[in-house]
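What follows is a set of notes on a single structure, which appears directly below.
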Amino acid sequence: MPHSPKDHVSITAHGMMEGARVMIPLMPGLVLFGMAFGAAAAQKGFSLLEASLSSGLVFAGLAQMVALEGWTKTWTPGGLLALAFLTMAVNMRHFLMSASMRPWLGQLPGWKAYPSLLLMADNNWAAAMRYRANGGSDAGFFIGSGIITWFVWVAATAAGQVIGGGLPDPKKFAIDVVVPAFFVAMLVPNWKGRREAVTWGVAAAVSVGASFLLPGWWFIVIGAVAGAVAGGFADDKR
């Protein structure tokens with residue numbers, strides 16, 4: 001059932017429970033992702049507290065992984081600036097994600113809407129968008145899905161740090177494969193037809209090509225922009 005701009009938007013306990021319930025099938029993948037970050041953080045010398053605080057306060061899995069790639073024990077102003085720009089580039093997609101929620105969360109008072117965006121992650125954003133497209137209006141769904149995602153992410157990070165600290169090389173256990181596998185698995189429930197095939201195909205092809213041509217993680221941003229442009233031109237007829 002399509003939603004109306006005049007839908008009454010509220011936050012209820014029932015909506016929060018429903019949002020958390022919908023996230024449950026994704027939790028095993030999130031646990032592996034969180035443990036992968038925790039293990040990588042341990043290899044970089046992060047303590048259990050430091051790794052847990054990183055996930056609890058930053059709460060941006062891909063950006064945290066990217067930051068670890070450039071992490072060093074000796075910092076210079078230039079190094080810090082480069083890391084800041086790198087993580088900003090990776091998280092630029094959150095501008096579009098939060099903008100897409102404006103028609104929904106924008107109906108709430110600012111003191112409710114803006115703090116709830118702190119819980120936004122790729123998986124619960126995608127689930128919330130499906131819920132909204134199907135006619136849902138309870139913003140508690142987004143909040144509940146974000147709370148369970150945050151809790152599992154922090155707990156998995158802590159477990160990964162404890163276990164990963166004893167691994168001589170996490171890549172020998174294919175931990176580096178967990179992150180891309182997690183994001184690929186997230187795409188499956190969002191498949192709707194031809195438009196997604198065009199958008200995803202273009203984004204994948206451009207990002208892979210950019211990864212060979214440009215250093216760093218700019219291929220993420222370039223691929224995302226290319227996919228968005230392709231989606232805009234794709235025929236939306238079903």
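- Note on M88 and L81: same hydrophobic cluster, where clusters join Ile, Leu, Val, Met, Phe, Trp and Tyr whose side-chain heavy atoms are under 4.5 Å apart, directly or indirectly.
- Looking at W125 and S100, their side chains do bring a donor and an acceptor atom within 3.5 Å of each other.
- Within the model, atoms CG of L53 and CG of L49 stand 4.5 Å from one another, a figure rounded to the nearest 0.5 Å.
- Proximity of a side-chain donor or acceptor of N124 to a complementary backbone N or O of L119 within less than 3.5 Å is detected.
- Summarising the geometry, atom CD belonging to Q43 is positioned 16.0 Å from atom CH2 belonging to W71; distances are rounded to the nearest 0.5 Å.
- There is a side-chain donor-acceptor pair under 3.5 Å between D138 and T12.
- When all heavy atoms are compared, the tightest approach of L68 to K44 is O-CE, 2.9 Å.
- Nearest heavy atoms, T74 versus T72: O-CG2, 3.0 Å.
- Checking side-chain atoms of S145 against main-chain N and O of F142 turns up a donor-acceptor pair under 3.5 Å.
- Closest approach of S52 to T157, counting heavy atoms only: N-CG2, 4.3 Å.
- Nearest heavy atoms, L105 versus A139: CD2-CB, 3.8 Å.
- Between M129 and M101 the shortest side-chain heavy-atom distance falls below 4.5 Å.
- Side-chain atoms of Q161 come within 3.5 Å of backbone atoms of F46 as a donor-acceptor pair (strictly under, hydrogens ignored).
- Taking each heavy atom of A156 and L30 in turn, the nearest pair found is CB-O, 4.4 Å.
- In this structure, W153 has its ring center closer than 6.0 angstrom to the ring center of F33.
- Aromatic ring pairs are classed by plane angle as parallel below 30°, tilted from 30° to 60° and perpendicular above 60°; the pair W104 and Y131 is tilted.
- There is a path of hydrophobic side-chain contacts, each under 4.5 Å, that joins Y114 to M120.
- Residues V162 and L48 meet the side-chain proximity criterion, which asks for heavy atoms closer than 4.5 Å.
- Scanning all heavy atoms of the two residues, the minimum distance from T87 to A67 falls at CG2-CB, 4.0 Å.
- The closest side-chain heavy-atom distance from N123 to M23 is below 4.5 Å.
- Looking at Q64, its side chain does come within 3.5 Å of a backbone N or O of A60 through a donor-acceptor pair.
- We find the CZ-CZ distance between R130 and F141 to be 7.5 Å, quoted to the nearest 0.5 Å.
- We find the OG-CD1 distance between S137 and I11 to be 11.5 Å, quoted to the nearest 0.5 Å.
- Using a distance-only test at 3.5 Å, with no hydrogens or angles considered, a donor-acceptor pair links the side chain of S47 to the main chain of E50.
- Of the possible donor and acceptor atoms, none in the side chain of S116 sits under 3.5 Å from a partner among the backbone N and O of I143.
- Linking Ile, Leu, Val, Met, Phe, Trp and Tyr whenever their side-chain heavy atoms come within less than 4.5 Å puts F151 and M27 in one cluster.
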Run the numbers on L80 and T76 for side-chain contact (heavy atoms from CB on, under 4.5 Å), then give the verdict.
CA-CA 6 Å; L80 285 172; T76 64; over 6 Å; no
List the steps, then state whether side-chain contact (heavy atoms from CB on, under 4.5 Å) holds for W150 with L118.
CA-CA 10 Å; W150 179 88; L118 295 173; over 6 Å; no
From CA spacing to verdict: side-chain contact (heavy atoms from CB on, under 4.5 Å), M97, D122:
CA-CA 9 Å; M97 291 163 62; D122 296 274; 4.0 Å; yes
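- Put simply, CZ on R21 and CD on E18 are 4.0 Å apart, with the number rounded to the nearest 0.5 Å.
- Rounding to the nearest 0.5 angstrom, the gap separating the CD atom in Q107 from the CZ atom in R102 is 10.0 Å.
- Taking the side chain as every heavy atom from C-beta outward, L83 and W75 approach each other to under 4.5 Å.
- Without hydrogens or angle criteria, S98 side chain to H94 main chain gives a donor-acceptor distance under 3.5 Å.
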